[in-house]
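In what follows, a single structure is set out as structure tokens and then discussed.
Each residue takes its place number in the sequence, starting with 1.
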Amino acid sequence: IAPEVLARLSSARAALCGLTMGGLTMDRPRIMGILNVTPDSFSDGGLFTDPLGAVNHARRMVTEGAEILDIGGESTRPGAAVVGIEDEIARTAPIIAAIRDLAPVSIDTRKARVAGAAVAAGAAMINDVSGLAFDPLMATEVARAGVPVCVMHAQGTPDVMQQDPRYGDVLLDVFDALAAMIGVARAAGVPQERIVVDPGIGFGKTQAHNLALLRRIGLFHDLGCPILLGVSRKRFIGTIGGAADAAARGPGTLAVTLAAVAQGVQIHRVHDVGMIAQGLRLWQALGDKAG
Ligand SMILES: Nc1nc2ncc(COP(=O)(O)OP(=O)(O)O)nc2c(=O)[nH]1
């Protein structure tokens with residue numbers, strides 16, 4: 001099946017997944033705006049640690065086209081330190097309460113108690129970069145909270161994941177690992193239609209692994225869940241695109257995002273919302289036969 005046909009079929013199937021987060025269906029690409037309230041995130045650490053700055057940035061991203069806001073209080077870049085639960089809650093819960101009416105909010109955390117506090121503050125989704133593996137209580141917490149969860153693949157933890165990542169076949173290995181995560185979530189009581197999958201670009205992957213995953217990312221539709229992709233400003237974009245400064249990697253991020261849209265990827269987690277939203281509008285106009 002031609003990739004574009006596969007993408008349409010997959011998008012249709014994903015739309016039937018019925019994931020609705022704040023009423024968002026998965027029948028067209030959605031932008032998830034990144035709100036890192038951390039001092040050390042790899043590309044924007046420290047920019048939004050003051051509450052007013054964080055709220056203003058959230059408002060600007062929604063104005064520019066973000067339909068989901070992903071707030072994180074702990075950097076998961078290679079080598080990052082683990083943040084204490086109370087600190088992570090203190091960083092995120094008050095901001096969630098302040099931005100919850102702007103757009104559905106996702107909490108980017110590996111810890112069940114942080115996720116619970118976030119949902120209590122108004123979060124509408126849990127984004128776990130450890131794929132429910134870091135905190136044994138997370139799967140149960142997700143089921144209790146009754147909100148969608150993104151399970152992301154990572155090989156190893158941030159402190160060691162980039163030292164020597166290896167796979168038999170990265171596509172099939174990641175596919176199987178995500179299928180197992182879906183099994184863990186379902187066994188804990190999370191229904192299939194509340195599960196989103198993410199291959200975890202840059203999380204225990206070489207550049208070659210990242211490119212192999214991106215070339216065939218449409219394969220993951222066969223897991224029966226919407227796909228979330230986080231490539232924004234990541235190292236491989238800087239290396240290939242020649243942009244040493246992470247904040248200058250928006251054009252490369254847009255190129256990779258549109259390639260993923262062509263394979264039916266539904267949720268795009270990005271820093272440069274305005275740039276990506278503009279690109280998506282052109283992409284959709286080109287695909288709109290009635291236009
Ligand atoms: N689902 C999902 N969540 C993620 N959270 C953080 C990062 C890392 O990017 P960023 O948040 O910009 O950096 P940091 O982890 O340093 O805060 N990437 C992903 C991703 O690819 N997918």
Return yes if some donor-acceptor pair links the side-chain N/O of [X] with the main-chain N/O of [Y] below 3.5 Å, else return no.
{"X": "R249", "Y": "A243", "value": "yes"}
{"X": "Q266", "Y": "P226", "value": "no"}
{"X": "N36", "Y": "T38", "value": "no"}
{"X": "K234", "Y": "I201", "value": "yes"}
{"X": "K205", "Y": "R166", "value": "no"}

Are more than 12 heavy atoms from other residues, nucleotides or ligands located less than 6.0 Å from atom CZ of R235?
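Result for CZ/R235: open.
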TODO: State whether the number of non-hydrogen atoms from other residues, nucleotides or ligands found under 6.0 Å of R216 atom CZ is greater than 12.
DONE: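 Result for CZ/R216: open.
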For the residue pair [X] and [Y], what are the closest heavy atoms and their distance?
{"X": "A143", "Y": "G189", "result": "CB-C, 4.0 Å"}
{"X": "G204", "Y": "Y167", "result": "O-OH, 2.5 Å"}
{"X": "E141", "Y": "A115", "result": "CG-CB, 4.4 Å"}
{"X": "I96", "Y": "A123", "result": "CG2-N, 3.5 Å"}
{"X": "G73", "Y": "V83", "result": "O-CG2, 3.9 Å"}
{"X": "Q162", "Y": "P78", "result": "CG-CG, 3.7 Å"}

Any donor-acceptor N or O pair under 3.5 Å, side chains [X], [Y]:
{"X": "D27", "Y": "T25", "result": "yes"}
{"X": "R110", "Y": "S130", "result": "no"}
{"X": "T257", "Y": "H268", "result": "no"}
{"X": "E88", "Y": "T109", "result": "yes"}

Validation: residues 168-187 side-chain donor-acceptor distances under 3.5 Å, sequence neighbours left out:
unit_1: D169; atom_1: OD1; unit_2: L171; atom_2: N; d: 3.0
unit_1: D169; atom_1: OD1; unit_2: L172; atom_2: N; d: 3.1
unit_1: D173; atom_1: OD2; unit_2: G168; atom_2: N; d: 2.8
unit_1: D173; atom_1: OD2; unit_2: D169; atom_2: N; d: 3.3
unit_1: R186; atom_1: NH1; unit_2: Q192; atom_2: OE1; d: 3.0

Exercise. Start with the C-alpha distance between L258 and L280, add both sets of side-chain angles, then the distance that settles side chain to side chain contact (heavy atoms under 4.5 Å, CB included), and finish with yes or no.
Key: CA-CA 7 Å; L258 294 180; L280 282 181; 3.9 Å; yes
Taking C-beta and beyond as the side chain, do [X] and [Y] meet within less than 4.5 Å on heavy atoms?
{"X": "V197", "Y": "L228", "answer": "no"}
{"X": "V196", "Y": "I267", "answer": "yes"}
{"X": "V129", "Y": "D198", "answer": "no"}

### Message
Walk me through whether I99 and L102 qualify under side chain to side chain contact (heavy atoms under 4.5 Å, CB included).
### Response
CA-CA 5 Å; I99 65 175; L102 295 175; 3.9 Å; yes
Between [atom1] on residue [X] and [atom2] on residue [Y], distance to nearest 0.5 Å:
{"X": "D50", "Y": "H57", "atom1": "CG", "atom2": "NE2", "result": "12.0 Å"}
{"X": "I107", "Y": "C150", "atom1": "CD1", "atom2": "SG", "result": "13.0 Å"}
{"X": "E64", "Y": "Q278", "atom1": "CD", "atom2": "CD", "result": "10.5 Å"}
{"X": "D70", "Y": "I126", "atom1": "CG", "atom2": "CD1", "result": "11.5 Å"}
{"X": "L69", "Y": "S106", "atom1": "CG", "atom2": "OG", "result": "9.0 Å"}
{"X": "I95", "Y": "T92", "atom1": "CD1", "atom2": "OG1", "result": "8.5 Å"}

Check: Using the benzene-type ring in the case of Trp, are the ring centres of H153 and F203 under 6.0 Å apart?
Finding: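 No, too far apart.
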Taking a hydrophobic cluster as the set of Ile, Leu, Val, Met, Phe, Trp and Tyr residues connected by side-chain heavy atoms closer than 4.5 Å, whether directly or through intermediates, do [X] and [Y] fall within one such cluster?
{"X": "V62", "Y": "V270", "value": "yes"}
{"X": "V231", "Y": "I31", "value": "yes"}
{"X": "I195", "Y": "F220", "value": "yes"}
{"X": "I276", "Y": "V265", "value": "yes"}
{"X": "V82", "Y": "V114", "value": "no"}

N-O pairing of [X] and [Y] below 4.0 Å:
{"X": "R77", "Y": "D40", "answer": "yes"}
{"X": "D108", "Y": "R269", "answer": "yes"}
{"X": "R233", "Y": "D272", "answer": "yes"}
{"X": "K111", "Y": "E74", "answer": "yes"}
{"X": "E86", "Y": "R91", "answer": "no"}

- Please walk me through it: do E67 and R28 pass salt bridge (charged side-chain N to carboxylate O under 4.0 Å, His left out)? CA-CA 12 Å; E67 296 182 273; R28 62 181 172 82; 3.4 Å; yes
How would you list, by chain and number, every residue that makes a side chain to side chain contact (heavy atoms under 4.5 Å, CB included) with D101, sequence neighbours excluded?
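D101: no side chain to side chain contact (heavy atoms under 4.5 Å, CB included) contacts found.
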I'd like to check the side chain to side chain contact (heavy atoms under 4.5 Å, CB included) partners of L211; sequence neighbours left out, ordered by chain and number.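 With sequence neighbours excluded, L211 shows a side chain to side chain contact (heavy atoms under 4.5 Å, CB included) to Q207, R215, F236, I240, given in chain and number order.
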Testing N210, T253, L254 one by one against I237 for a side-chain contact (heavy atoms from CB on, under 4.5 Å), which residue passes?
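The passing option is T253.
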**Message:** Test side chain to side chain contact (heavy atoms under 4.5 Å, CB included) on M32 and M61; report intermediate values, then the result.
**Reply:** CA-CA 9 Å; M32 173 185 264; M61 288 196 287; over 6 Å; no
Check: Can V151 and M138 be said to form a side chain to side chain contact (heavy atoms under 4.5 Å, CB included), step by step?
Finding: CA-CA 11 Å; V151 292; M138 181 62 100; over 6 Å; no
